[in-house]
Number of protein chains: 2
Amino acid sequence: MSLEYAILGFLNYRPFSGYELKRVLDESIHHFWPADQSQIYKSLSRLADRGLATVEVIAQEDRPNRKVYHITQEGRKEFLQWVGRTPDSEELRKPFLIQVFFAGMLSDEEAIAVFEDKAAELRGVLERYAAIDDSPTHGEKAGVPPRERFFWYLTLECGTWAMQRELDWLEKTIERIRNKEYEAGPRILPPPQSKES
Amino acid sequence: MSLEYAILGFLNYRPFSGYELKRVLDESIHHFWPADQSQIYKSLSRLADRGLATVEVIAQEDRPNRKVYHITQEGRKEFLQWVGRTPDSEELRKPFLIQVFFAGMLSDEEAIAVFEDKAAELRGVLERYAAIDDSPTHGEKAGVPPRERFFWYLTLECGTWAMQRELDWLEKTIERIRNKEYEAGPRILPPPQSKES
DNA sequence: CCGATCATGTAAGTGGTTACATGATTAT
DNA sequence: ATAATCATGTAACCACTTACATGATCGG
């Protein structure tokens with residue numbers, strides 16, 4: 001569903017083939033919505049079935065014909081309605097937390113190792129995010145107006161914030177385990193301060 | 001996969017039937033891993049197929065027989081290995097960010113409305129988390145040792161932090177749109193401070 | 001009388017992944 | 001030689017969701 005809307009969003013800029021879409025999706029929304037190639041093709045034909053896009057077949061020799069998809073009036077209407085809608089409530093599945101939940105079955109050292117590994121992974125992701133940030137796609141690309149770029153940038157910023165905060169939490173938690181603060185029972189850290197930096 | 005490990009984790013405490021599991025999963029890990037009833041039954045029979053659990057059929061009249069699952073030696077081994085393993089890298093699909101990405105197609109007022117709606121949703125989730133926190137399951141339940149409860153509590157705390165931080169970000173972002181800060185191009189907020197409260 | 005509780009499952013469908021198939025052209 | 005680029009897709013599979021089916025018992 002979400003992927004279909006993302007594709008519709010790009011078709012709203014200009015027509016695309018499936019192949020082209022794979023490339024632009026990879027360098028735009030990949031950090032919060034990795035899109036598989038075969039999933040893109042499926043979504044495109046579904047959009048065409050639903051009348052939200054039309055196919056223009058461009059004949060080619062020596063390689064398969066290109067299929068260029070154009071958004072339709074209904075497509076544009078449906079898309080714009082969707083962008084302005086109140087967002088669906090989010091997925092909350094965090095496999096890592098299952099490990100945390102049962103970490104009581106491990107020794108302090110083993111549990112800390114799990115948290116450290118997780119922290120290392122997050123640091124890696126943060127580095128990759130920083131790299132995207134410096135890449136031409138976010139930054140000063142093409143003739144994209146600043147307001148548009150602002151919202152593109154927000155998606156990166158949101159991810160970075162979330163990661164950085166989770167990393168902070170991991171580091172504090174590792175400290176707490178080191179200090180055996182669990183002996184006092186839970187509820188050691190105050191809930192994050194709502195306002196206030 | 002994750003659900004299977006979660007189930008294995010509970011079977012490691014004591015034997016359970018599918019029906020019982022549905023109940024305990026709902027009041028323990030539901031906030032980061034909602035488990036569907038039919039998915040639980042499937043996972044249980046898969047665990048039995050893989051030899052990680054055995055089935056004890058308890059005959060009953062007037063209602064279907066109960067099937068009580070016991071963890072096996074291999075099950076216990078596989079589970080303990082898994083808890084201590086370095087965590088898999090996480091899913092990063094955030095449908096909301098697709099909306100943000102294309103929010104440039106909306107007016108300031110429409111975009112702000114989307115962010116406000118998202119903020120309202122998060123506030124709702126935070127309230128529900130606070131309610132879980134006060135419920136007997138987290139808190140001082142049963143004869144569960146404090147170290148165990150500490151890790152249970154961590155799963156809630158992690159979620160709360162993440163939510164609260166996303167909410168902070170949303171509120172700041174709404175302010176920035178109101179002030180039309182996008183006119184200066186992106187990169188307005190400094191990346192979240194790494195250390196420092 | 002209605003709905004909850006106990007207790008199991010099947011069937012169909014969604015959204016996504018992994019692997020495979022084809023095959024010419026161009027760059028290293 | 002080899003890998004990447006261009007360009008399309010299918011097939012099988014996976015985790016999960018939604019809806020359905022059965023049917024007794026018990027409390028409001």
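Letters go in sequence order (proteins before strands), and every chain restarts at 1.
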Should [X] be listed as having a side-chain N or O under 4.0 Å from OP1 or OP2 of [N]?
X: B:Tyr19; N: C:dT8; answer: no
X: A:Tyr41; N: D:dG9; answer: no
X: A:Arg23; N: D:dC6; answer: yes
X: A:Arg93; N: D:dA15; answer: no
X: A:Gln39; N: C:dG15; answer: no

[X] [atom1] to [N] [atom2]: how many Å, rounded?
X: A:Ile58; N: D:dT8; atom1: CD1; atom2: P; value: 10 Å
X: B:Leu21; N: C:dG9; atom1: CG; atom2: P; value: 12 Å
X: A:Leu3; N: C:dT14; atom1: CG; atom2: C1'; value: 13 Å
X: B:Arg46; N: D:dC16; atom1: CZ; atom2: P; value: 9 Å
X: A:Ile40; N: C:dT17; atom1: CD1; atom2: C1'; value: 13 Å
X: B:Lys22; N: C:dA4; atom1: NZ; atom2: C1'; value: 15 Å
X: B:Gln37; N: D:dT22; atom1: CD; atom2: C1'; value: 13 Å
X: A:Leu92; N: D:dT17; atom1: CG; atom2: P; value: 10 Å

Out of D:dT8, C:dG16, C:dA7, minimum distance to the side chain of A:Arg66 belongs to D:dT8

Picking from D:dC16, C:dT17, D:dG9, the nucleotide nearest the side-chain atoms of A:Asp36 would be C:dT17

Nearest-nucleotide check on DNA chain C, A:Ser38 vs B:Lys67; residue mapping nearer the 5' end is B:Lys67

Residues A:Glu4, A:Arg46: salt bridge by 4.0 Å N-O rule: yes

Taken to the nearest 0.5 Å, the spacing of A:Ile71 CD1 from A:Phe79 CZ works out to 7.5 Å

Whether the side chain of [X] engages the backbone of [Y] through a donor-acceptor N/O pair (distance < 3.5 Å, no angle test) should be reported.
X: A:Ser17; Y: A:Val68; value: no
X: B:Lys94; Y: A:Glu91; value: no
X: A:Lys22; Y: A:Ala35; value: yes

- Item | hbond_proxy A:Ser17 side chain to D:dT8 base (donor-acceptor, 3.5 Å cutoff) | no

Notebook entry, point to check: Ignoring hydrogens and angles, does a donor from either the side chain of A:Lys42 or the base of C:dG15 sit under 3.5 Å from an acceptor on the other?
Noted result: no

